Amino acid sequence: MAKIICYTLNPAFDLAVTLPALRPGTVHRAQSSRMDPAGKGINVGRVLRRLGHAVRLGGLLGEDNAEPFGQLFRREQMEDAFVTVAGSTRINVKLAEADGRVSDLNGPGLTITAADWQRLLTAMPEQLAGMDAVVVSGSLPPGVDVEAFAQWLVALRASGLPIWVDTSGPGMQAVRQAGVHVLKPNEEELEQLLGRALPDTLALREAADEVLRLGWADQVILSLGAEGACWCDGTSLLQAHPPEVSVQNTVCAGDTLLAAALHGELSGWPRSRSLAFATALAAECVRHVGPGDPDAADFASLLAQVRLDAPSPKVSAPEMPE
Ligand SMILES: O=P(O)(O)OC[C@H]1O[C@](O)(CO)[C@@H](O)[C@@H]1O
(Lines give C-alpha, C1' and ligand atoms only; values in the text may rest on other atoms or scores of the structure.)
Protein backbone atom coordinates (compact mmCIF):
# COMPACT_ATOMS: atom_id res chain seq x y z
CA MET A 1 0.00 0.00 0.00
CA ALA A 2 1.35 3.41 -0.96
CA LYS A 3 0.43 6.88 0.29
CA ILE A 4 -0.65 9.33 -2.37
CA ILE A 5 -1.72 12.95 -2.19
CA CYS A 6 -4.19 13.92 -4.91
CA TYR A 7 -4.58 17.66 -5.50
CA THR A 8 -7.69 19.17 -7.08
CA LEU A 9 -7.43 22.95 -7.40
CA ASN A 10 -10.85 23.21 -9.05
CA PRO A 11 -13.25 20.56 -7.70
CA ALA A 12 -16.88 20.36 -8.77
CA PHE A 13 -20.23 18.78 -8.14
CA ASP A 14 -21.00 16.67 -11.19
CA LEU A 15 -24.66 16.85 -12.21
CA ALA A 16 -25.02 13.75 -14.40
CA VAL A 17 -28.11 13.85 -16.61
CA THR A 18 -29.17 11.07 -19.00
CA LEU A 19 -31.40 11.81 -21.95
CA PRO A 20 -32.16 10.04 -25.25
CA ALA A 21 -30.58 12.70 -27.44
CA LEU A 22 -29.45 16.29 -27.05
CA ARG A 23 -31.27 18.79 -29.27
CA PRO A 24 -29.91 22.28 -28.60
CA GLY A 25 -32.61 24.91 -28.19
CA THR A 26 -35.38 22.47 -27.13
CA VAL A 27 -36.90 21.36 -23.81
CA HIS A 28 -35.63 17.94 -22.71
CA ARG A 29 -37.21 15.43 -20.31
CA ALA A 30 -34.24 13.80 -18.58
CA GLN A 31 -34.43 10.06 -17.89
CA SER A 32 -32.36 10.44 -14.72
CA SER A 33 -30.20 12.92 -12.90
CA ARG A 34 -27.88 12.78 -9.92
CA MET A 35 -25.34 15.08 -8.38
CA ASP A 36 -22.08 13.89 -6.79
CA PRO A 37 -19.02 15.61 -5.34
CA ALA A 38 -16.24 15.19 -7.91
CA GLY A 39 -13.29 16.84 -9.62
CA LYS A 40 -10.32 15.17 -11.22
CA GLY A 41 -8.01 14.63 -8.25
CA ILE A 42 -10.89 13.46 -6.07
CA ASN A 43 -11.95 10.91 -8.69
CA VAL A 44 -8.34 9.70 -8.99
CA GLY A 45 -8.17 9.40 -5.20
CA ARG A 46 -11.36 7.31 -5.08
CA VAL A 47 -9.90 4.78 -7.52
CA LEU A 48 -6.57 4.63 -5.68
CA ARG A 49 -8.42 4.08 -2.42
CA ARG A 50 -10.42 1.20 -3.93
CA LEU A 51 -7.09 -0.25 -5.05
CA GLY A 52 -5.95 -0.31 -1.44
CA HIS A 53 -3.82 2.84 -1.12
CA ALA A 54 -3.91 5.52 1.55
CA VAL A 55 -5.18 8.72 -0.01
CA ARG A 56 -4.85 12.31 1.15
CA LEU A 57 -6.87 14.89 -0.80
CA GLY A 58 -5.60 18.44 -1.17
CA GLY A 59 -6.60 21.55 -3.07
CA LEU A 60 -9.12 24.35 -2.75
CA LEU A 61 -12.73 23.72 -1.77
CA GLY A 62 -15.65 26.17 -1.38
CA GLU A 63 -16.76 26.34 2.24
CA ASP A 64 -20.46 27.04 1.57
CA ASN A 65 -21.26 23.61 0.09
CA ALA A 66 -18.38 21.51 1.45
CA GLU A 67 -20.43 19.03 3.49
CA PRO A 68 -21.25 16.50 0.71
CA PHE A 69 -17.51 16.40 -0.05
CA GLY A 70 -16.80 15.72 3.62
CA GLN A 71 -19.36 12.90 3.62
CA LEU A 72 -17.74 11.33 0.56
CA PHE A 73 -14.25 11.60 2.05
CA ARG A 74 -15.39 10.00 5.32
CA ARG A 75 -17.36 7.27 3.55
CA GLU A 76 -14.43 6.34 1.32
CA GLN A 77 -11.85 6.85 4.08
CA MET A 78 -9.77 9.48 2.32
CA GLU A 79 -7.97 12.09 4.39
CA ASP A 80 -9.33 15.61 3.88
CA ALA A 81 -6.46 18.10 3.57
CA PHE A 82 -8.35 20.66 1.45
CA VAL A 83 -7.90 24.35 2.11
CA THR A 84 -11.41 25.84 2.27
CA VAL A 85 -12.10 29.14 0.56
CA ALA A 86 -15.06 31.53 0.60
CA GLY A 87 -18.01 30.66 -1.65
CA SER A 88 -19.57 27.60 -3.28
CA THR A 89 -17.78 24.96 -5.31
CA ARG A 90 -18.98 24.94 -8.94
CA ILE A 91 -21.52 22.57 -10.49
CA ASN A 92 -20.50 20.87 -13.75
CA VAL A 93 -23.27 19.48 -15.94
CA LYS A 94 -22.70 16.20 -17.81
CA LEU A 95 -25.33 15.39 -20.43
CA ALA A 96 -25.14 11.73 -21.43
CA GLU A 97 -27.03 10.68 -24.56
CA ALA A 98 -28.21 7.15 -25.37
CA ASP A 99 -25.48 6.71 -27.98
CA GLY A 100 -22.81 7.16 -25.28
CA ARG A 101 -21.85 10.72 -26.20
CA VAL A 102 -21.36 13.05 -23.24
CA SER A 103 -21.49 16.85 -23.40
CA ASP A 104 -19.72 18.58 -20.51
CA LEU A 105 -20.62 22.05 -19.27
CA ASN A 106 -17.82 22.83 -16.84
CA GLY A 107 -18.05 26.04 -14.81
CA PRO A 108 -15.06 28.33 -14.25
CA GLY A 109 -14.84 27.63 -10.53
CA LEU A 110 -14.33 29.82 -7.51
CA THR A 111 -12.06 32.83 -7.74
CA ILE A 112 -8.99 32.15 -5.62
CA THR A 113 -7.42 35.08 -3.78
CA ALA A 114 -3.71 35.59 -3.16
CA ALA A 115 -4.34 34.79 0.51
CA ASP A 116 -6.09 31.48 -0.40
CA TRP A 117 -3.16 30.52 -2.62
CA GLN A 118 -0.69 31.38 0.11
CA ARG A 119 -2.57 29.09 2.52
CA LEU A 120 -2.24 26.24 0.02
CA LEU A 121 1.51 26.89 -0.31
CA THR A 122 1.97 27.08 3.45
CA ALA A 123 0.14 23.77 3.97
CA MET A 124 2.14 21.99 1.28
CA PRO A 125 5.27 20.76 3.15
CA GLU A 126 3.18 19.11 5.85
CA GLN A 127 0.81 17.65 3.27
CA LEU A 128 3.66 16.05 1.32
CA ALA A 129 5.27 14.51 4.39
CA GLY A 130 5.20 10.71 4.26
CA MET A 131 3.75 10.55 0.74
CA ASP A 132 4.99 8.23 -2.04
CA ALA A 133 3.52 10.12 -5.00
CA VAL A 134 1.67 13.31 -5.92
CA VAL A 135 -1.22 13.65 -8.35
CA VAL A 136 -2.24 17.11 -9.63
CA SER A 137 -5.43 16.89 -11.63
CA GLY A 138 -7.87 19.28 -13.24
CA SER A 139 -8.19 22.83 -14.50
CA LEU A 140 -6.93 26.00 -12.85
CA PRO A 141 -9.58 28.06 -11.05
CA PRO A 142 -9.80 31.80 -11.74
CA GLY A 143 -7.13 33.64 -9.76
CA VAL A 144 -4.49 30.93 -10.18
CA ASP A 145 -2.40 32.00 -13.15
CA VAL A 146 0.10 30.09 -15.24
CA GLU A 147 3.08 31.54 -13.36
CA ALA A 148 1.73 30.62 -9.92
CA PHE A 149 0.82 27.12 -11.05
CA ALA A 150 4.21 26.60 -12.72
CA GLN A 151 6.05 27.71 -9.57
CA TRP A 152 3.90 25.35 -7.52
CA LEU A 153 4.72 22.44 -9.85
CA VAL A 154 8.41 23.26 -9.50
CA ALA A 155 8.05 23.27 -5.70
CA LEU A 156 6.25 19.92 -5.84
CA ARG A 157 9.06 18.50 -7.99
CA ALA A 158 11.62 19.73 -5.48
CA SER A 159 10.08 17.33 -2.95
CA GLY A 160 11.65 14.49 -4.95
CA LEU A 161 8.29 12.69 -5.17
CA PRO A 162 6.94 11.50 -8.53
CA ILE A 163 4.47 14.10 -9.84
CA TRP A 164 1.63 12.86 -12.07
CA VAL A 165 -0.31 15.64 -13.80
CA ASP A 166 -3.55 15.83 -15.78
CA THR A 167 -4.48 19.40 -16.64
CA SER A 168 -5.74 21.51 -19.52
CA GLY A 169 -5.73 25.02 -21.00
CA PRO A 170 -3.45 27.41 -19.08
CA GLY A 171 -2.39 24.49 -16.86
CA MET A 172 -0.65 23.05 -19.92
CA GLN A 173 1.38 26.23 -20.39
CA ALA A 174 2.63 25.80 -16.83
CA VAL A 175 3.62 22.20 -17.59
CA ARG A 176 5.78 23.55 -20.43
CA GLN A 177 7.58 25.81 -17.96
CA ALA A 178 7.89 23.45 -15.02
CA GLY A 179 8.12 19.94 -16.47
CA VAL A 180 6.49 17.00 -14.69
CA HIS A 181 7.24 13.31 -14.31
CA VAL A 182 4.13 11.81 -15.86
CA LEU A 183 1.62 13.75 -17.95
CA LYS A 184 -1.76 12.27 -18.88
CA PRO A 185 -3.35 14.30 -21.67
CA ASN A 186 -6.18 13.30 -23.94
CA GLU A 187 -5.98 14.19 -27.62
CA GLU A 188 -7.39 17.69 -27.18
CA GLU A 189 -5.10 18.49 -24.26
CA LEU A 190 -2.04 17.30 -26.18
CA GLU A 191 -3.09 19.67 -28.99
CA GLN A 192 -3.34 22.49 -26.43
CA LEU A 193 0.12 21.65 -25.12
CA LEU A 194 1.75 21.68 -28.54
CA GLY A 195 -0.41 24.43 -30.03
CA ARG A 196 -1.28 22.53 -33.20
CA ALA A 197 -3.81 20.05 -34.55
CA LEU A 198 -2.88 16.37 -34.25
CA PRO A 199 -5.10 14.74 -36.84
CA ASP A 200 -4.18 11.06 -36.59
CA THR A 201 -2.61 8.41 -34.40
CA LEU A 202 0.86 8.86 -35.87
CA ALA A 203 0.73 12.62 -35.23
CA LEU A 204 -0.38 11.95 -31.64
CA ARG A 205 2.39 9.43 -31.05
CA GLU A 206 4.99 11.78 -32.48
CA ALA A 207 3.60 14.59 -30.33
CA ALA A 208 3.90 12.48 -27.17
CA ASP A 209 7.51 11.78 -28.06
CA GLU A 210 8.13 15.47 -28.72
CA VAL A 211 6.82 16.34 -25.25
CA LEU A 212 9.49 14.06 -23.76
CA ARG A 213 12.22 15.44 -26.01
CA LEU A 214 11.35 19.01 -24.99
CA GLY A 215 11.61 18.03 -21.33
CA TRP A 216 7.99 18.84 -20.49
CA ALA A 217 7.45 15.36 -19.06
CA ASP A 218 9.48 12.20 -18.43
CA GLN A 219 6.58 10.01 -19.51
CA VAL A 220 3.30 10.58 -21.32
CA ILE A 221 0.18 8.49 -20.94
CA LEU A 222 -2.15 9.47 -23.74
CA SER A 223 -5.81 8.59 -23.33
CA LEU A 224 -7.44 7.91 -26.67
CA GLY A 225 -11.06 7.16 -25.69
CA ALA A 226 -12.42 4.15 -27.56
CA GLU A 227 -8.96 3.59 -29.05
CA GLY A 228 -7.48 2.90 -25.61
CA ALA A 229 -4.27 4.46 -24.37
CA CYS A 230 -0.56 4.88 -25.20
CA TRP A 231 2.31 5.00 -22.75
CA CYS A 232 5.43 6.72 -24.03
CA ASP A 233 8.59 6.75 -21.88
CA GLY A 234 11.23 7.89 -24.33
CA THR A 235 12.56 4.44 -25.14
CA SER A 236 9.41 2.71 -26.35
CA LEU A 237 5.76 3.28 -26.91
CA LEU A 238 3.07 0.88 -25.75
CA GLN A 239 -0.50 0.94 -26.94
CA ALA A 240 -3.43 -0.91 -25.39
CA HIS A 241 -6.86 -1.38 -26.98
CA PRO A 242 -9.87 -1.73 -24.68
CA PRO A 243 -12.56 -4.39 -24.72
CA GLU A 244 -15.89 -3.49 -26.25
CA VAL A 245 -18.34 -2.36 -23.59
CA SER A 246 -21.70 -0.62 -23.55
CA VAL A 247 -20.76 3.03 -23.03
CA GLN A 248 -23.02 4.91 -20.60
CA ASN A 249 -20.86 7.70 -19.22
CA THR A 250 -17.25 8.54 -20.08
CA VAL A 251 -16.80 11.32 -17.50
CA CYS A 252 -14.33 9.65 -15.11
CA ALA A 253 -12.49 7.45 -17.63
CA GLY A 254 -9.32 9.57 -17.79
CA ASP A 255 -9.14 9.86 -14.00
CA THR A 256 -9.56 6.09 -13.68
CA LEU A 257 -6.85 5.47 -16.29
CA LEU A 258 -4.38 7.70 -14.47
CA ALA A 259 -5.11 6.16 -11.06
CA ALA A 260 -4.81 2.60 -12.32
CA ALA A 261 -1.57 3.32 -14.18
CA LEU A 262 -0.11 4.91 -11.04
CA HIS A 263 -1.22 1.87 -9.05
CA GLY A 264 0.73 -0.34 -11.45
CA GLU A 265 3.86 1.80 -11.16
CA LEU A 266 3.66 1.89 -7.38
CA SER A 267 3.20 -1.88 -7.36
CA GLY A 268 6.39 -2.33 -9.43
CA TRP A 269 4.57 -3.98 -12.33
CA PRO A 270 6.01 -4.06 -15.84
CA ARG A 271 4.62 -1.12 -17.77
CA SER A 272 2.67 -3.34 -20.17
CA ARG A 273 0.82 -4.89 -17.25
CA SER A 274 0.05 -1.45 -15.77
CA LEU A 275 -1.24 -0.14 -19.10
CA ALA A 276 -3.45 -3.20 -19.68
CA PHE A 277 -4.84 -2.93 -16.16
CA ALA A 278 -5.50 0.80 -16.53
CA THR A 279 -7.18 0.31 -19.91
CA ALA A 280 -9.44 -2.40 -18.52
CA LEU A 281 -10.42 -0.29 -15.51
CA ALA A 282 -11.17 2.72 -17.72
CA ALA A 283 -13.40 0.44 -19.84
CA GLU A 284 -15.17 -0.67 -16.66
CA CYS A 285 -15.66 2.98 -15.75
CA VAL A 286 -17.51 4.05 -18.91
CA ARG A 287 -20.28 1.53 -18.21
CA HIS A 288 -21.70 3.72 -15.43
CA VAL A 289 -21.54 7.11 -13.69
CA GLY A 290 -18.49 7.60 -11.46
CA PRO A 291 -14.95 6.18 -11.30
CA GLY A 292 -13.98 2.64 -12.36
CA ASP A 293 -14.60 -0.23 -9.95
CA PRO A 294 -11.78 -2.80 -9.72
CA ASP A 295 -14.14 -5.07 -7.75
CA ALA A 296 -16.62 -5.35 -10.64
CA ALA A 297 -17.62 -9.02 -10.99
CA ASP A 298 -16.37 -9.27 -14.59
CA PHE A 299 -13.22 -7.18 -14.21
CA ALA A 300 -10.91 -10.17 -14.81
CA SER A 301 -12.74 -10.83 -18.07
CA LEU A 302 -12.39 -7.17 -19.16
CA LEU A 303 -8.68 -7.33 -18.38
CA ALA A 304 -8.27 -10.53 -20.40
CA GLN A 305 -9.86 -8.80 -23.41
CA VAL A 306 -7.41 -5.87 -23.49
CA ARG A 307 -5.18 -6.11 -26.55
CA LEU A 308 -1.61 -4.81 -26.33
CA ASP A 309 0.32 -3.92 -29.48
CA ALA A 310 3.93 -5.06 -29.60
CA PRO A 311 6.02 -2.20 -28.13
CA SER A 312 7.20 0.10 -30.88
CA PRO A 313 10.59 1.74 -30.57
CA LYS A 314 10.76 5.47 -29.90
CA VAL A 315 8.82 7.43 -32.53
CA SER A 316 11.10 9.94 -34.18
CA ALA A 317 9.64 13.42 -34.11
CA PRO A 318 9.87 15.54 -37.25
CA GLU A 319 12.95 17.74 -37.57
CA MET A 320 12.32 21.22 -36.19
CA PRO A 321 12.90 24.02 -38.71
CA GLU A 322 16.02 26.11 -38.09
O1 LIG B 1 -11.15 20.62 -13.82
P2 LIG B 1 -11.83 20.41 -15.11
O3 LIG B 1 -10.91 20.22 -16.27
O4 LIG B 1 -12.90 21.44 -15.38
O5 LIG B 1 -12.58 19.01 -15.01
C6 LIG B 1 -13.50 18.77 -14.02
C7 LIG B 1 -14.32 17.61 -14.40
O8 LIG B 1 -13.49 16.51 -14.64
C9 LIG B 1 -13.97 15.37 -13.95
O10 LIG B 1 -13.16 15.18 -12.84
C11 LIG B 1 -13.91 14.17 -14.85
O12 LIG B 1 -12.59 13.98 -15.30
C13 LIG B 1 -15.35 15.70 -13.50
O14 LIG B 1 -15.69 15.03 -12.32
C15 LIG B 1 -15.30 17.19 -13.34
O16 LIG B 1 -16.54 17.78 -13.54
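In this chain, numbering begins with 1 at the start of the sequence shown. Not measured: the values here are computed from a predicted model. Order of appearance sets the numbers: ligands from 1, and atoms from 1 within every ligand.
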To check you understand the geometry: which heavy-atom pair defines the closest contact between Leu212 and Cys232, and what is its length?
CD1-O, 3.7 Å
Intermediate values then yes/no, side chain to side chain donor-acceptor pair (under 3.5 Å), Asp298 and Ser301
CA-CA 5 Å; Asp298 62 348; Ser301 156; 5.6 Å; no
Between ligand 1 and the protein, give all atom pairs where both partners are nitrogen or oxygen and the distance is under 3.5 Å, as lines of names plus distance to 0.1 Å.
| unit_1 | atom_1 | unit_2 | atom_2 | d |
| --- | --- | --- | --- | --- |
| ligand 1 | 1 (O) | Arg90 | NH2 | 3.0 |
| ligand 1 | 1 (O) | Ser139 | N | 2.9 |
| ligand 1 | 1 (O) | Ser139 | OG | 2.8 |
| ligand 1 | 4 (O) | Arg90 | NH1 | 3.0 |
| ligand 1 | 4 (O) | Arg90 | NH2 | 3.2 |
| ligand 1 | 4 (O) | Asn106 | ND2 | 3.3 |
| ligand 1 | 4 (O) | Ser139 | OG | 3.3 |
| ligand 1 | 5 (O) | Lys40 | NZ | 3.1 |
| ligand 1 | 8 (O) | Lys40 | NZ | 3.0 |
| ligand 1 | 10 (O) | Lys40 | N | 3.0 |
| ligand 1 | 10 (O) | Asn43 | ND2 | 3.0 |
| ligand 1 | 10 (O) | Asp255 | OD2 | 3.3 |
| ligand 1 | 12 (O) | Lys40 | NZ | 3.3 |
| ligand 1 | 12 (O) | Val251 | O | 3.3 |
| ligand 1 | 12 (O) | Asp255 | OD1 | 3.3 |
| ligand 1 | 12 (O) | Asp255 | OD2 | 2.8 |
| ligand 1 | 14 (O) | Asp14 | OD1 | 3.4 |
| ligand 1 | 14 (O) | Asp14 | OD2 | 2.5 |
| ligand 1 | 14 (O) | Gly39 | N | 3.4 |
| ligand 1 | 14 (O) | Asn43 | ND2 | 3.1 |
| ligand 1 | 16 (O) | Asp14 | OD1 | 2.5 |
| ligand 1 | 16 (O) | Asn92 | ND2 | 2.8 |
| ligand 1 | 16 (O) | Lys94 | NZ | 3.1 |

Answer with yes or no after comparing the ring centroid distance for Tyr7 and Trp164 against a 6.0 Å cut-off, counting only values under it.
no
Under 30°, 30 to 60°, or over 60°: which ring-plane class applies to Phe82 and Phe73, parallel, tilted or perpendicular?
parallel
Restricting to non-hydrogen atoms, name the atom on Arg23 and the atom on His28 that form the minimum distance, rounded to 0.1 Å.
N-NE2, 2.8 Å
Tightest non-hydrogen contact, residues Leu257 and Thr279, listed as CD1-N, 4.0 Å
